[in-house]
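Read through the structure below, which is laid out as structure tokens, and then see the notes.
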Amino acid sequence: MSEDKYEKVMDLAKRRGYLWSSFEIYGGIAGFVDYAPLGTILKNNIIDTWRKHYIINEEFYEIDSPTITPYEVLKASGHVDNFTDPMVECKECLESFRADHIIEENININTEGKTLEELNELIKKHNIRCPKCGGEFGDVKKYNLMFLTSIGPGGKRTGYMRPETAQGIFIQFKRLASFFRNKLPFGVAQIGKSYRNEISPRQGVIRLREFTQAEAEFFVHPKIKNHKRFKDVENDIIPLLPADRQMDETLSSEEKVVNMSLKDAVEKGIIRHETIAYFVAITKRFLMDIGIDINRLRFRQHLPDEMAHYAIDCWDAEIYTDRFGWIECVGIADRTDYDLKAHMNHSGVDLSVFVEYDKPKEIETYDIELNYKVVGKVFKKDMKLVENTLNNMDNSEIEKLVKELNENGKYILTIEDKEFEILNDYLKINKTKKKISGEKVLPHVIEPSYGIDRITYCLLEHAYNEEEDRTYLKLKPEVAPVKVGVFPLVNKQGMPEIAMEIKDNLRKNGIIAEYDDSGAIGRRYMRMDEVGTPFCITVDGQTLEDGTITIRHRDTREQIRIKIDEVVDYIKRNI
RNA sequence: GCGCCAGUGGUGUAGCCUGGUAUCACUCUGGCCUUCCAAGCCAGUAACUCGGGUUCAAAUCCCGACUGGCGCACCA
């Protein structure tokens, strides 16, 4: 038994129509897979379950945006810079290195923000050589993990295949906020393909160049990160692998995991706030709903140096697989306002939300009334600049201005390098009381992001079962692609006709059923077991006498007998 | 991207060293048989990863590409 489970699962997946490697007749390309007929249904069933959780239960709305994304968007989001690694290759031994890492190791310089030319110069200037063989380096080149394309004829606009679905949500934030009538919190989801041009994708379906993500973006008030339904989940016990325990060398790898209620985890500050904890619970419930083995699931906190540049806390749902060990299938991150801020700065569009207070506040404020006739003539072109600056002053600055005007008769307003002299007759300042009913805030976003392909593979592996005389997929009836197999026990006495009719009737009721009359009955059961079909209906001699059939359960192989006209109801109740 | 190893019907394989019509089993399809868990009988479909070279002749020898496995590197 040297063959590992991955191989067995992938073999079954290939033979029985779950997963096929793409472009096979042309030799194939690493990092791409096709979902075969049954795999496609399974994946869709997983996605449907996901939608039940997020769209129905959590009241998220889903959008669907383009996969091709213009340069500007990904420049703003930081992906153009962060997805592009500068690589350098040794001319002697052909080994590749990260150019920035090599430089930092050798001359202790921060290379952040340096251009390729600057990196090149640094290597030449300090005569940095290959740490392996001492050979000379070639030129620094960028390896971009995003697929580059051009939009329109002539390639005037650069685009990339999106590296995540989330950006599509962020850049529509203004519309989304108004769709939700500016009430925080609200959630938006997107399910779709994302693309990463991996250098060397070698773990089959685990690391793909084109993959399906289901991402949920939950926008919250930056100061309110508790969750109104946290009470529903606070007693859920979750296997957690916190950052400090991961780094504790005195613990064995089993001891690093602690089973803890989410209430404790939040109270002890292990999970940063309720909203992350809440989505940890939803993630666990979703994964268990589709049939992931709870004993092969844990939540691991990112270490401080592993966190993405935008995140302040991140927990991955990791699922155990035979060959690859624990693999990351879901990431739940607090992305703060990183993305909205970035898009706001780059696009110039205000993406903040006006949040009303419970009760309007009354505050003391100053009203600046400009004497435009005078001021306009004095400042001319700079008029607008001065006006804006004055209007944006806070109370303490205005108080200082008033004080200086009273004492010296003038105030020097400094804007960048320029100085403007403000005199008493330029403006009138009135102290007023104002009613303020709310404030503008830039929301933070909590993001649970699911890798659907990895989850699908893990589910197949967890469902894979071997017994002495059979191999079967113990898929939950809810996600199994084919729900029912219908067979005549033998091909005579009208049994095939009755079986066919039962199959048709199930199909009419929206249930995927397969008819099969070839070979011995046992063989047909085995075929259905191997693809994970939960129920098999057999028409036999007794059917002809009293109109009953048997339903065989996949896992126990036990059979019960019911009337033909109860079949549809029975199946519907059990899937 | 580098190094080592491998690639034969749907699956697992024999053949490769020593060049000459590709083996066997299972699966699958059709038929017969069969009254409940891969039984049996008959018939059938189906493969040398791709490209180039050497040769009268290449699955076999040589080179390259692709794919897969392992190690290194990479994986915000």
Side-chain angles (χ1 to χ4, degrees), chain A residues 2-4 6-8 10-12 14-17 20-32 36 74 77-90 92-98 101-102 130-133 138 141 143-146 163-164 196-204 206-209 302 305-311 314 323 327-328 331 333 335 338 467-472 485 487-493 495 517-530 536-544 549-552 554 556-559 561:
Chain A
S2 62
E3 210 185 349
D4 69 3
Y6 175 79
E7 222 159 299
K8 291 180 184 174
M10 290 308 282
D11 176 56
L12 188 152
K14 196 172 166 189
R15 279 188 295 110
R16 315 297 333 216
W20 291 333
S21 55
S22 303
F23 317 114
E24 210 176 356
I25 66 165
Y26 286 102
I29 297 186
F32 296 93
L74 295 161
S77 68
H79 285 89
V80 168
D81 300 319
N82 283 309
F83 256 65
T84 316
D85 292 335
M87 303 287 289
V88 72
E89 194 180 83
C90 170
E92 303 286 325
C93 66
L94 300 173
E95 194 77 41
S96 291
F97 299 93
R98 282 277 295 269
H101 291 179
I102 281 280
C130 174
K132 216 172 179 181
C133 71
K141 287 178 190 145
Y143 186 79
N144 199 322
L145 258 63
M146 291 194 290
E164 59 172 2
R196 297 180 191 182
N197 201 356
E198 299 284 355
I199 295 171
S200 163
R202 271 199 307 200
Q203 293 116 311
I206 302 302
R207 201 140 139 241
L208 294 172
R209 288 184 164 130
H302 276 207
D305 61 350
E306 136 187 53
M307 210 110 63
H309 52 285
Y310 49 70
C314 184
R323 179 188 286 194
I327 60 172
E328 170 195 345
R335 290 178 79 135
Y338 180 90
E467 286 173 2
E468 321 76 59
D469 60 342
R470 65 166 178 167
T471 297
Y472 69 110
F487 319 135
L489 185 58
V490 289
N491 293 332
K492 48 183 162 184
Q493 298 164 355
M495 290 183 201
D517 63 9
S518 90
I521 190 81
R523 178 182 297 277
R524 290 177 246 159
Y525 287 145
M526 294 309 136
R527 267 201 284 257
M528 283 298 164
D529 285 349
E530 209 176 18
C536 288
I537 290 175
T538 303
V539 174
D540 59 11
Q542 200 178 325
T543 309
L544 307 174
I549 48 79
T550 62
I551 296 187
R552 168 190 181 268
R554 175 195 63 207
T556 59
R557 306 197 203 189
E558 274 164 14
Q559 287 179 312
R561 188 167 276 280

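So that the names make sense, note that chain A is the first sequence line, chain B the second, and so on, each numbered from 1.
Distance noted for atom C1' between A59(B) and U13(B): 14 Å (whole Å). A distance of about 8 Å separates the C1' atoms of G19(B) and A57(B), rounded to the whole Å. Rounded to a whole angstrom, the distance from the C1' atom of G9(B) to that of U45(B) is 10 Å. When the C1' atom is compared between A47(B) and G15(B), the two are found 13 Å apart, to the nearest whole Å. Separating the C1' atom of U54(B) from that of U11(B) is a span of 35 Å, rounded to the nearest Å. Straight-line distance between the C1' atoms of A6(B) and G12(B): roughly 16 Å, to the nearest whole Å. Comparing the P positions of C61(B) and C17(B) gives an interatomic distance of 5 Å, to the nearest angstrom. Rounded to the nearest Å, the gap between the P atom of G7(B) and that of C33(B) is 45 Å.
The CZ-C1' distance, from Arg323(A) to C70(B), rounds to 10 Å in whole Å. If you measure from atom CZ of Arg335(A) to atom P of A76(B), you get 13 Å, rounded to the nearest angstrom. For the pair Glu468(A) CD and A38(B) P, the interatomic distance rounds to 12 Å; values are reported in whole Å. Look at CZ on Arg207(A): it is 12 Å from P on G68(B), rounded to the nearest Å. When the C1' atom of U67(B) is taken as reference, atom CZ of Arg209(A) falls 12 Å away, rounded to whole Å. Remark: P of G10(B) and CD of Glu530(A) are 17 Å apart, rounded to the nearest angstrom. Rounded to whole Å, the distance from CD on Gln203(A) to P on U67(B) is 15 Å. Leu74(A) places its CG atom 13 Å from the C1' atom of A76(B), with the value rounded to the nearest Å.
Under the Watson-Crick or G-U wobble criterion, with both distances below 3.5 Å, C41(B) is paired with G31(B). Nucleotide U49(B) forms a pair with A65(B), judged by Watson-Crick or G-U wobble geometry with both contacts under 3.5 Å. Nucleotide U18(B) is matched to nothing when pairs are restricted to Watson-Crick or G-U wobble geometry with both distances under 3.5 angstrom. The partner of U55(B) is absent, by the rule that a Watson-Crick or G-U pair needs both atom distances under 3.5 Å. The base-pairing partner of C72(B), taking Watson-Crick or G-U wobble contacts with both distances under 3.5 Å, is G1(B).
Here CE of Met495(A) is found 5.0 Å from CG of Leu544(A). Values are rounded to the nearest 0.5 Å. Rounding to the nearest 0.5 Å gives a distance of 6.5 Å between CZ of Arg524(A) and CG of Asp517(A). Atom CE of residue Met526(A) and atom CD1 of residue Ile521(A) lie 10.5 Å apart, to the nearest 0.5 angstrom.
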Pairs under 3.5 Å (N/O, protein and nucleotides 48-51 of chain B):
none

Any protein N or O atoms within reach of nucleotides 41-46 of chain B? Criterion: under 3.5 Å, listing atom names and distances.
none

Protein-nucleic acid N or O pairs under 3.5 Å, nucleotides 11-13 of chain B:
from, atom 1, to, atom 2, distance (Å)
U11(B), OP1, Lys14(A), NZ, 3.4

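When the salt bridge (charged side-chain N to carboxylate O under 4.0 Å, His left out) test is applied to Arg527(A), the partners found at least two apart in sequence or on another chain are Asp516(A). For Asp540(A), the side-chain contact (heavy atoms from CB on, under 4.5 Å) partners two or more places apart in sequence, or in a different chain, are Leu489(A), Gln542(A), Thr543(A), Thr550(A), Arg561(A). Applying the salt bridge (charged side-chain N to carboxylate O under 4.0 Å, His left out) criterion to Glu530(A), with sequence neighbours excluded, gives Arg15(A), Arg16(A). Applying the salt bridge (charged side-chain N to carboxylate O under 4.0 Å, His left out) test to Glu558(A) and every residue at least two apart in sequence or in another chain returns nothing. Here Phe23(A) pairs with Ile29(A), Phe32(A) under the side-chain contact (heavy atoms from CB on, under 4.5 Å) rule; sequence neighbours left out. Partners of Tyr472(A) according to the ring pair (Phe, Tyr, Trp, His ring centres under 6.0 Å) rule, which considers only residues two or more places apart in sequence or in another chain, do not exist here. By the salt bridge (charged side-chain N to carboxylate O under 4.0 Å, His left out) test, Arg552(A) is found to be paired with Asp529(A), residues two or more places apart in sequence or in another chain being considered. Qualifying side-chain contact (heavy atoms from CB on, under 4.5 Å) partners for Ala36(A), counting only residues two or more places apart in sequence or in other chains: Trp20(A).
In this structure, Arg196(A) does not reach the A76(B) phosphate: none of its side-chain N or O atoms is under 4.0 Å from OP1 or OP2.
In this structure, Arg16(A) reaches neither bases nor backbone, as no heavy-atom distance under 4.0 Å exists between it and the strands shown.
Between Ile29(A) and Glu198(A), the residue anchored nearer the 5' end of RNA chain B, judged by the nucleotide with its closest heavy atom, is Ile29(A).
Residues Tyr525(A) and Cys536(A) share a closest heavy-atom pair of CE2-CB, 3.7 Å. The two residues Gly485(A) and Met528(A) come nearest to each other via the heavy atoms CA-CE, 4.2 Å. When all heavy atoms are compared, the tightest approach of Asn197(A) to Arg209(A) is OD1-NE, 3.4 Å. For the residue pair Arg470(A) and Arg554(A), the shortest heavy atom distance occurs at NH1-O, 2.9 Å.
Between the side chain of Arg207(A) and the backbone N or O of Pro201(A) there is no donor-acceptor pair closer than 3.5 Å.
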**Q.** Contact pattern, 5' to 3', of nucleotides 31-37 of chain B - B, S or - by protein heavy atom under 4.0 Å
**A.** ---BBBB

